[in-house]
Amino acid sequence: MGEAKRRKTTMGEQYGQETRILPWVPITKSQSEQFVTWTTRGAWVGIGAMVVIWVTIRFIGPAFGWWQIVG
């Protein structure tokens, strides 16, 4: 008997289905990996936006005379 058949007989109905993180949480491992990927990407976008805003406020705005930095 091959490994796939043995696994199919032992797992029964759950053979071929994705495993959940916890039995009572309806989220699979691949869904959790996608969530981590998207949130990491979102964090990097937020960091980039924060840097662009900081450069605009600190350097670009005063260089064009839009405002003056006090301090």
Side-chain angles (χ1 to χ4, degrees):
M1 184 182 287
E3 182 63 29
K5 287 183 180 179
R6 187 177 303 117
R7 200 176 309 131
K8 187 174 183 178
T9 58
T10 58
M11 293 181 73
E13 297 266 339
Q14 295 180 348
Y15 180 73
Q17 296 178 353
E18 291 191 68
T19 57
R20 293 182 172 185
I21 295 174
L22 298 171
W24 61 88
V25 179
I27 298 174
T28 62
K29 288 185 179 182
S30 63
Q31 288 173 332
S32 67
E33 290 172 1
Q34 281 183 327
F35 176 76
V36 170
T37 301
W38 280 99
T39 54
T40 303
R41 187 174 296 151
W44 281 110
V45 168
I47 291 169
M50 184 179 63
V51 168
V52 167
I53 291 169
W54 180 79
V55 166
T56 301
I57 290 172
R58 183 66 177 98
F59 298 110
I60 297 174
F64 286 114
W66 296 337
W67 56 77
Q68 293 179 356
I69 296 188
V70 178

Under 4.5 Å between side-chain heavy atoms, hopping through other hydrophobics if needed: is there a path connecting [X] to [Y]?
X   : Y   : value
V45 : V51 : no
I53 : M50 : no
F64 : W67 : yes

- Query: Within 45 degrees of the axis of the six-membered ring of W44 and under 6.0 Å from its centre: does R41 put its NZ or CZ there?
  - Reply: no
- Query: Under the side chain to side chain donor-acceptor pair (under 3.5 Å) test, which residues partner T39, sequence neighbours left out?
  - Reply: none
Shortest non-hydrogen separation from [X] to [Y] and the atoms involved:
X   : Y   : answer
I57 : I69 : O-CD1, 3.8 Å
S32 : I27 : N-CG2, 4.1 Å
W66 : I60 : CZ3-CG2, 4.0 Å

